[in-house]
Enquirer: 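Structure in structure tokens, see below.
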There are 2 protein chains.
Amino acid sequence: MLDIEAAQGTTDISSARLSRLSGFSAPQVRRDLAYFGSFGKRGVGYSVRGLRDAIGTILGMDQPMNLAMVGVGNLGRALLAYRGFARQDSQFVVAFDADARKIGSTVAGVSVEPVGKMGRLLREHDVRLAIIAVPATQAQDVLDDLVGAGIKAILNFAPRVLEAPDDVMVSNVDLAVEVEYLSYSLANR
Amino acid sequence: MLDIEAAQGTTDISSARLSRLSGFSAPQVRRDLAYFGSFGKRGVGYSVRGLRDAIGTILGMDQPMNLAMVGVGNLGRALLAYRGFARQDSQFVVAFDADARKIGSTVAGVSVEPVGKMGRLLREHDVRLAIIAVPATQAQDVLDDLVGAGIKAILNFAPRVLEAPDDVMVSNVDLAVEVEYLSYSLANR
DNA sequence: GGGTGTGAAACTCTTCACAGCG
DNA sequence: CGCTGTGAAGAGTTTCACACCC
């Protein structure tokens, strides 16, 4: 969103404009931003550049975040190549797969390693966030390995409820849920 | 979640157990379910089978929902093959791509058609929900075409804010946002 | 004038506690 | 007895309105 404005050369943006772009109400936008500090100028709006930097800092994206991908099937490949990640300072540093034929290959500039080396390589590369893109049947095993390697944040794309210790955050992206939500919305106008 | 229980032969499930599996509190589960009707038996719990059917009906998944995929790159391919969708009665009936070399091929049993035929084929196949998995630069054009073809529900995977008429629902799956959320959670314990 | 930041009101959502039924 | 369904209390969130500053 802020990228669009930056690309258009806009330097300042009002909460009203952010409202239109984001779908949140203008007072909402102001309150949420004010929660983290005073970023805006009265009578002018928010500096696009300043806002982006501030949000980056708040999200902890100002310092690089090393990511690992587990599973290099279609989905893993797509995610490795996904443009959205590149805009932040997060980056994939290593990928893993169980298929011996894929080991040693490179996908989107990231080398594919055997799952057996996960523990060691995750520590070596200082990976703090891992993404699970393996078949549902293997997802829990992968999660257990990741937890064993000290990973505290996991993004799971496998359509399965996974068990994890309380101090490990697991965020599920269940693509079917999105379709269900839209289906429900269609059925109820 | 309910699939897990069904697979284990469990016939009834309590709100307490659903709470552990879903992460929502037990009263929360009960209230949400009660909102749609009385599905549970006091002293016993909810029938797994009954619940699944009821939820399916509520979501409008009891009748088939035809889906179209626009964009057959890595992400489109991954989504077409995604297991999660198959469990419901939703199904992909057609896919589109701008690349002439892909036209006529079949991905996960779905034939790839030229984007130029989108309007006609969407109507022919009675598609009501389309998924956008094209590069960000082309996403808005695709959305406009879909809207022109009468599609009222769109799931967008391109990392871009899209403009759509008020009566068209656009659900964005921004994969970067998920990483940002976990990154923020990591930074703030 | 224009747009932020924020107190106060309105609203929604969550939790608690328990009556009541199987 | 065990667990649902739900009124009432509590917490959190959104909206409104406007003082204040650029």
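In what follows, chains are A, B, ... by sequence order, proteins preceding strands, each numbered from 1. What's counted below: heavy atoms across the whole structure, side chains too, no hydrogens, waters or symmetry copies.
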Enquirer: Answer yes or no: is there a donor N or O on one side and an acceptor on the other, between the side chain of B/Thr106 and the main chain of B/Gly109, under 3.5 Å?
Expert: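 Pair absent, no side-chain N/O of B/Thr106 close to backbone of B/Gly109.
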Enquirer: Please check if atom NZ in B/Lys41 has more than 12 non-hydrogen atoms from other residues, nucleotides or ligands closer than 6.0 Å.
Expert: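 Incorrect, the count does not exceed 12.
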Enquirer: Could you tell me whether a side-chain N or O of B/Ser90 sits under 3.5 Å from a main-chain N or O of B/Met65, the two making a donor and an acceptor?
Expert: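 No: the side chain of B/Ser90 does not pair with the backbone of B/Met65.
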Enquirer: Looking at B/Glu163, I'd like to know if its CD atom is crowded, meaning that more than 12 non-hydrogen atoms belonging to other residues, nucleotides or ligands lie closer than 6.0 Å.
Expert: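 No.
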Enquirer: Looking at B/Glu178 and A/Ser171, would you say the former's side chain and the latter's main chain have a donor-acceptor pair under 3.5 Å?
Expert: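 Judged by distance alone, no pair lies under 3.5 Å.
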Enquirer: State whether A/Tyr46 places a side-chain N or O below 4.0 Å from either non-bridging phosphate oxygen (OP1 or OP2) of C/dG5.
Expert: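 Answer is yes, contact under 4.0 Å.
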Enquirer: Let's see if you get this right: which residues in residues 32-45 of chain B place a heavy atom under 4.0 Å from DNA chain C?
Expert: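 B/Arg42, in order of number.
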Enquirer: In whole Å, what is the span from the CZ atom of A/Arg30 to the P atom of D/dC20?
Expert: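 Value for this atom pair: 16 Å.
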Enquirer: Using a 4.0 Å heavy-atom cut-off, write out nucleotides 7-13 of chain C from 5' to 3' as B (base contacted by protein), S (sugar-phosphate only) or - (no contact).
Expert: BB-----
Enquirer: Does a side-chain N or O from A/Ser15 land closer than 4.0 Å to OP1 or OP2 of C/dT4, or not?
Expert: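 Answer yes for this pair, as a side-chain N or O of A/Ser15 is under 4.0 Å from OP1 or OP2.
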Enquirer: Are B/Ile131 and B/Val72 connected into the same hydrophobic cluster when the rule is that any two of I, L, V, M, F, W, Y join if their side-chain heavy atoms are below 4.5 Å apart?
Expert: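 Result: yes, single cluster for both.
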Enquirer: Between B/Ser22 (side chain only) and B/Phe24 (backbone N and O only), is there a donor and an acceptor less than 3.5 Å apart?
Expert: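 Pair found, side chain donor or acceptor close to backbone of B/Phe24.
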Enquirer: Between B/Asn66 and B/Asp126, is there a side-chain donor-acceptor contact under 3.5 Å, judged purely by atom types and distance?
Expert: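 Not at all, the side chains of B/Asp126 and B/Asn66 share no donor-acceptor pair under 3.5 Å.
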Enquirer: Answer yes or no: does a side-chain N or O of B/Ser25 lie under 4.0 Å from OP1 or OP2 of C/dT14?
Expert: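 It does not, given that no N or O in the side chain of B/Ser25 lies less than 4.0 Å from OP1 or OP2 of C/dT14.
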